[in-house]
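As structure tokens, the structure follows; a few thoughts come after it.
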There are 2 protein chains.
Amino acid sequence: MLTDRQLLIFQVIVDDFIRSAQPVGSRSLSKKEEIQFSSATIRNEMADLEELGFLEKTHTSSGRIPSEKGYRFYVDHLLSPQKLDTKDVNSVRSIFTERIYELEKIVQRSAQILSELTNYTAIVLGPAVRENKLKKIQIVPLNDETAIAIIVTDTGHVENKMFHLPIGIDSSDIEKLVNILNERLTGVPLEELNGKIYKEVALVLRQHIRSYDSMFSSLVETLKIPTNEKLFFGGKTNMLSQPEFHDISKVKNLLTMIEHEEDMYDIIRKNPSGINVKIGKENGNSAMDDCSLITATYSIGTEQLGTIAILGPTRMEYSRVISLLKFFSNDLSVVLTKLYQSK
Amino acid sequence: MLTDRQLLIFQVIVDDFIRSAQPVGSRSLSKKEEIQFSSATIRNEMADLEELGFLEKTHTSSGRIPSEKGYRFYVDHLLSPQKLDTKDVNSVRSIFTERIYELEKIVQRSAQILSELTNYTAIVLGPAVRENKLKKIQIVPLNDETAIAIIVTDTGHVENKMFHLPIGIDSSDIEKLVNILNERLTGVPLEELNGKIYKEVALVLRQHIRSYDSMFSSLVETLKIPTNEKLFFGGKTNMLSQPEFHDISKVKNLLTMIEHEEDMYDIIRKNPSGINVKIGKENGNSAMDDCSLITATYSIGTEQLGTIAILGPTRMEYSRVISLLKFFSNDLSVVLTKLYQSK
DNA sequence: GTTAGCACTCCTTTATATCGAGTGCTAAAT
DNA sequence: ATTTAGCACTCGATATAAAGGAGTGCTAAC
């Protein structure tokens, strides 16, 4: 329904505004070499595009800026898959040649690199521990009253939690308990741990362990480890350099929201797999009204594992960021699969 | 060398400026009930105080604000130990009645509470793991190539690191190794672990373990766990509400510096035990020129363990924050001692 | 259908005046 | 010898006006 000329003009306006952060006027447009019509023609087209809801004015006699609907259209229909800079490719590859084995460190480093590459804020939702399979449970008594339970997963993730020992429990009891748990629970995904314990292990335990009841409740409580994925951030302060955030109160709202990990977690988590773009109010959070969030998922083998996100102003370099995220999430998946899939 | 009247005037000026963030003039001072002289007299005294370096003007005809030297004098000589609000006392106590056992969580929660109570940024330097004593080492093989080493300390802190297994190593070898390590190293402070391994354990290991060399290097590398204390933050964005940080570039510098954990670590770490106040340039970091940092140390039993810090503008409520930190660090020490000293 | 021309809008910048809180200094009062 | 009243002066903050410029919408000519 848009003519080719309108499409061209619209695209040039968006590209120009993304670069300059300044409203784009008809005169400056007419000077671009890809545009051959007079400023008056452009003005007419711009008026139409505004009527259609793709463009806005900041005041009656200003140039045009893209509206949210405009960005949405731009992202959905006008984005040509951009070839990545070799410089970017190298930066990304560089992480994966560093010999890091811990999943968490790889992920943290990813957030850092992505923020440096984009100058936006990078948020990486860590590996979904809940889907990891139990490799080993260990219990280390610290003194007569407390012990520490350690859970190791097949991806090398370690969770630990302190708990109270019932009075008078014996170290041989603990040993027995640990053996039984490992025997019965190895290979079980963490998210099913609780259920399995009640269904399959409780009975066996009761037969073998003295002072079973008090011990059991302590332990079960402990195994309810919050298996929420962790968030990793990079470039939290990058937003401060964006001209749209010169207003201190806007910045404060945004940064406060970023610090609030639970909210952030929900916002990142609920994105489906693949690349996803949320523009301005689509984020459903007033602090993010002037922001866009681009997410990509990564995986180990066939399991969807986590999410990478870039948070920038709505006036974001969509094309570049999307290419970067596609490339990055893919490489990350490959590397992680290689590292941990080798059963 | 300062007369009583100068002292009085100076104190009132500092208190007023801390409250209002506005330069204090002679007229408004003369209206305070604790001050009985005319504005002209006050002007003379203020001129003297300025000559002595305790006060400054923001421009030729402005009121006075305290200089850094002034704040220093104020902190060193004019601070009356303020009684804490019962509201504050209760807030602090509330953390310690929550049944949290993990050291890290207590510490994280502390940072949060302190930032809420002060409206400044709270930074807590976590327990000094390096002084913790080894409770147990465990090694969990994940697959043929990698294993994960887990170190538990007497305070319940858990460190873990992945490492590569030499090809062809046997699970009985690993078991032997772990047994020897635990036998010889239990009770050794983490910071001495490396030395001990070379001096006392290497020989024994060589006798018992096949494929010793490759295993050993892998493991030793692994035990060089970065035992740097972790930093915990609360209220990172609180600075944005302070009028002195209305300037975006100042904020950006400060927040970027806060994000940069290594620098922050050094700044917090090098404070001696007890309460410490660093004002403005004393911090030795240009991003903190308009900030003051108040630190207090906490401990488990007799060991100095960590540091709590409050970062605010130089125009900070020194009296209140110092009282709060004294009280808090003391309570924290008591609680931690109770929790972990019960050998 | 396109474009040149023009009046109009509104932000930005610059200049100018005014106000007021504050100072330093001098001279009178205590 | 202090203290204080008085006064000229400074300078930031605020308001107002004027000029400039980038941009628009509309009309009429191409």
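In the text below, chain A, chain B and the rest are named by the order of the sequence lines, each starting its count at 1. No hydrogens, no waters, no symmetry mates; every other heavy atom, side chains included, goes into these values.
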Over 60° means perpendicular and under 30° means parallel, so tell me whether A:F54 and A:F73 are parallel, tilted or perpendicular. tilted
Separation of C:dC10 atom C1' from A:R64 atom CZ, nearest Å, is 14 Å
Gap between atom OH of B:Y120 and atom CG of B:L293 - 0.5 Å precision: 13.0 Å
Could you walk me through whether A:S292 and A:Y71 pass the side-chain hydrogen bond (donor to acceptor under 3.5 Å, both in side chains) check? CA-CA 10 Å; A:S292 284; A:Y71 281 124; over 6 Å; no
What's the CZ-C1' distance between A:R27 and D:dG25, to the nearest Å? 17 Å
Separation of A:I65 atom CD1 from C:dC11 atom P, in whole Å? 14 Å
Spacing of A:Q36 atom CD relative to C:dT3 atom C1', expressed in whole Å: 15 Å
Closer than 3.5 angstrom, by distance alone: can the side chain of A:N283 be matched with the main-chain N or O of A:G280 as a donor-acceptor pair? yes
Could you tell me the separation between the CG atom of B:L311 and the CE atom of B:M264, rounded to the nearest 0.5 Å? 5.5 Å
Nearest-angstrom distance from the residue atom CD1 of A:I42 to C1' of C:dA4: 14 Å
Between A:A40 and A:G25, which residue's closest nucleotide on DNA chain D lies nearer the 5′ terminus? A:G25
What does B:T41 touch in the nucleic acid at a heavy-atom separation under 4.0 angstrom: a base, only the sugar-phosphate, or nothing? base
Separation of D:dG23 C1' from A:Q22 CD (nearest whole Å): 13 Å
Does C:dT9 have OP1 or OP2 sitting under 4.0 Å from an N or O in the side chain of A:S62? no
Distance-minimising heavy-atom pair for A:S67 and A:E56: CB-OE2, 3.5 Å
Stretch residues 43-61 of chain A: residues that reach within less than 4.0 Å of DNA chain D through a heavy atom: A:R43, A:M46, A:K57, A:T60, A:S61
Starting at CD1 of B:I35 and ending at P of D:dT4, how long is that distance when rounded to a whole Å? 12 Å
Interatomic distance, A:D16 CG vs D:dA22 C1' [rounded to whole Å]: 14 Å
Hey, is A:R269 close enough to A:D266 for a salt bridge, meaning N to O under 4.0 Å? no
